[in-house]
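Quick note: numbers below take in every heavy atom, side chains included, and nothing from hydrogens, waters or symmetry partners. Just so we're clear, the structure is a prediction, and the values are computed from it rather than from any experiment. Start at 1 with the first residue, then count along the sequence.
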Amino acid sequence: NPRKELSHAGLDAYVEAIEAALKASLEITGQDNLHVVGACAGGITLTLALGHFAARGWHPARSLTLMVNVLSFGTEDSLMNIFTTPATINAARKRSAKAGVLDGYDTAKIFNWMRPNDLIWNYVVSNYLHGEDPPTFDVLYWNNDCTRLPAQLHADFLDLFDGKSLAVPGDVTIGTTPIDLKQTKFDVLITAGTTDHITPWKACYRSTKLFGGPVEFVLSSAGHIQSVINPPSNPKAVFWTNPENNGTAEQWREGAQQHNESWWGYWVDWLNERGDGERPATAELGNQQHPPICPAPGTYVFE
């Protein structure tokens with residue numbers, strides 16, 4: 001029963017999958033470590049995996065980049081607290097457990113209702129009342145590209161909303177391994193968006209206190225998607241940096257330097273400083289042990 005198997009895929013299973021992917025990448029490239037990137041919920045699973053590996057004495061990451069991602073949850077700086085009362089959390093667990101999955105469109109509805117004027121009523125007026133066609137806008141395509149969550153993974157994420165904390169060493173476990181992010185030693189770059197209503201930038205900033213290695217915080221203009229998909233061709237791109245992140249989010253912002261360009265170039269320089277120089281790209285994908293499975297982007301996108 002595929003749905004039953006899917007419903008039991010939680011954080012432990014995702015950490016195992018991340019380990020397999022990292023090992024395959026290291027074997028194919030012949031490197032000792034990698035630059036790894038996690039965005040939004042993917043950053044949660046990736047960070048937990050790296051904390052789990054550190055507890056085992058394995059350090060596969062040279063650096064970690066987290067984009068629009070919250071690891072230390074709180075309600076004082078997010079509209080998410082509207083949907084995270086004990087009653088709603090319990091109801092959410094029961095609903096996804098019954099279905100085997102949390103449908104991505106259900107998640108999208110919650111995020112839309114956090115900004116109803118922009119993401120719901122705006123389209124009711126323009127499309128329904130005025131009869132106008134939706135504008136051609138690439139970000140809307142990204143916004144509509146949602147995915148389902150296995151029920152067990154959804155339940156594990158809800159535990160993080162409902163009291164479990166990565167800010168407390170050992171409070172979160174993977175398998176039988178308690179996670180202490182202070183055991184990690186890689187450099188970390190954390191990015192956030194000024195108008196992000198899903199992962200507010202002040203909540204993202206809290207993650208600067210969690211890791212064992214050096215951490216840098218970059219604040220980009222725009223919201224959850226546009227702050228990430230923010231190429232150098234964007235004339236409106238703005239980002240802020242401040243190497244001092246020992247204080248509060250407000251103190252960081254007061255001392256931050258503004259850059260009137262995309263943060264992508266800054267990130268590339270940051271990665272290059274932590275790399276071993278450029279090497280020629282391989283002529284073929286994979287290797288004998290890990291041959292290509294199918295052409296990109298893979299078959300899952302058609303499901």
Side-chain angles (χ1 to χ4, degrees), residues 9-29 31-73 104 107 145-150 152-161 164-167 169 171-175 177-193 196 198-199 203-218 224-225 227-229 267 270-271 274-275 298 300:
L11 282 171
D12 292 0
Y14 272 68
V15 167
E16 290 177 6
I18 290 171
E19 181 173 359
L22 289 176
K23 287 182 176 178
S25 298
L26 292 170
E27 290 167 359
I28 291 171
T29 60
Q31 301 300 303
D32 295 324
N33 45 45
L34 300 165
H35 298 293
V36 294
V37 182
C40 196
I44 299 175
T45 55
L46 178 59
T47 301
L48 286 169
L50 296 175
H52 176 66
F53 303 151
R56 291 164 37 193
W58 184 43
H59 302 277
R62 172 70 67 91
S63 75
L64 168 65
T65 300
L66 294 174
M67 303 175 180
V68 292
N69 163 264
V70 176
L71 297 175
S72 180
F73 295 93
T107 306
D145 185 21
C146 54
T147 186
R148 297 170 296 173
L149 286 183
Q152 185 57 56
L153 180 62
H154 180 222
D156 291 342
F157 280 155
L158 289 175
D159 285 342
L160 296 175
F161 280 111
K164 294 287 185 179
S165 176
L166 283 169
D171 199 33
V172 178
T173 61
I174 296 296
T177 305
I179 304 301
D180 180 3
L181 294 180
K182 291 296 184 182
Q183 294 180 344
T184 61
K185 303 302 179 186
F186 43 73
D187 289 4
V188 181
L189 180 72
I190 299 172
T191 78
D196 189 343
I198 298 174
T199 55
C204 297
Y205 178 83
R206 283 201 296 266
S207 297
T208 60
K209 318 298 182 184
L210 300 181
F211 295 92
V215 182
E216 187 166 349
F217 186 75
V218 172
H224 191 67
I225 295 176
S227 66
V228 176
I229 311 303
W267 182 39
W270 186 88
L271 290 172
R274 289 152 182 80
Y300 79 96

For side-chain contact (heavy atoms from CB on, under 4.5 Å), just list the numbers for Val68 and Ile198, CA-CA rounded to whole Å, side-chain angles, deciding distance to a tenth of an Å, and then say yes or no. CA-CA 8 Å; Val68 292; Ile198 298 174; over 6 Å; no

Before you tell me yes or no, could you show the steps for Leu50 and Val36 under side-chain contact (heavy atoms from CB on, under 4.5 Å), namely the whole-Å CA-CA distance, both residues' side-chain angles and the distance that decides it to 0.1 Å? CA-CA 10 Å; Leu50 296 175; Val36 294; 4.0 Å; yes

Leu46/Tyr14 under side-chain contact (heavy atoms from CB on, under 4.5 Å): CA gap, chis, key distance, verdict: CA-CA 9 Å; Leu46 178 59; Tyr14 272 68; over 6 Å; no

Could you walk me through whether Asp187 and Phe211 satisfy the side-chain contact (heavy atoms from CB on, under 4.5 Å) test, starting with their C-alpha distance in whole Å, then the side-chain angles of each, then the deciding distance to 0.1 Å, before giving a yes or no? CA-CA 9 Å; Asp187 289 4; Phe211 295 92; over 6 Å; no

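Atom NE2 of His52 sits about 10.5 Å away from atom CD1 of Ile18, to the nearest 0.5 Å. Note that the NZ atom of Lys23 and the CG atom of Leu34 stand 13.0 Å from one another [nearest 0.5 Å]. The line from CG of Asp196 to CD1 of Ile225 is 9.5 Å long, rounded to the nearest 0.5 Å. Separation of atoms OG1 (Thr65) and CD (Glu216) is listed at 10.0 Å; rounding is to 0.5 Å.
With hydrogens and angles ignored, the 3.5 Å screen pairs a side-chain donor or acceptor of Asp12 with a backbone N or O of Gly175. Thr47 places a side-chain N or O within 3.5 Å of a backbone atom of Gly43 that can act as its donor or acceptor partner. A donor-acceptor pair is defined here as one N or O able to donate and one able to accept, closer than 3.5 Å; no such pair exists between the side chain of Ser63 and the backbone of His35. Remark: side-chain polar atoms of Asn69 are paired, donor with acceptor, to backbone N or O of Cys40 under 3.5 angstrom. No donor-acceptor distance shorter than 3.5 angstrom exists from the side chain of Thr184 to the backbone of Phe186, with no hydrogens or angles considered.
Across Pro178 and Thr173, no two heavy atoms sit closer than the pair CA-CG2, 3.8 Å. When every heavy atom of Thr45 is checked against every heavy atom of Leu11, the shortest pair comes out as CG2-CD2, 3.7 Å. Gln183 and Ala55 get closest at one heavy-atom pair: OE1-CA, 3.3 Å. Summarising the geometry of Gly10 relative to Gln152, their closest heavy-atom pair is CA-CG, 3.7 Å, with the distance given to 0.1 Å. In terms of heavy-atom proximity, Leu210 sits nearest to Ala167 at CD2-CA, 3.6 Å. Taking each heavy atom of Ile190 and Cys204 in turn, the nearest pair found is CG2-O, 3.9 Å.
Side chains of Leu22 and Trp58 form a contact here, defined as non-hydrogen atoms less than 4.5 Å apart. Counting heavy atoms from C-beta on, the side chains of Thr177 and Phe53 never come closer than 4.5 Å. Proximity of Leu189 to Val218: side-chain heavy atoms (C-beta onward) are separated by under 4.5 Å at one or more points. Within the 4.5 Å cutoff, no side-chain heavy atoms of Asp171 are placed close to those of Leu166. Counting only heavy atoms from C-beta outward, the side chains of Thr199 and His224 approach each other to under 4.5 Å.
For Trp270, the ring-ring contact (aromatic ring centres under 6.0 Å, His included) test picks out no residue, with sequence neighbours left out.
Listed by first then second residue, pairs satisfying salt bridge (Lys or Arg N to Asp or Glu O under 4.0 Å) with a partner in residues 43-70 read Glu19-Arg56, Arg62-Asp276, not counting sequence neighbours.
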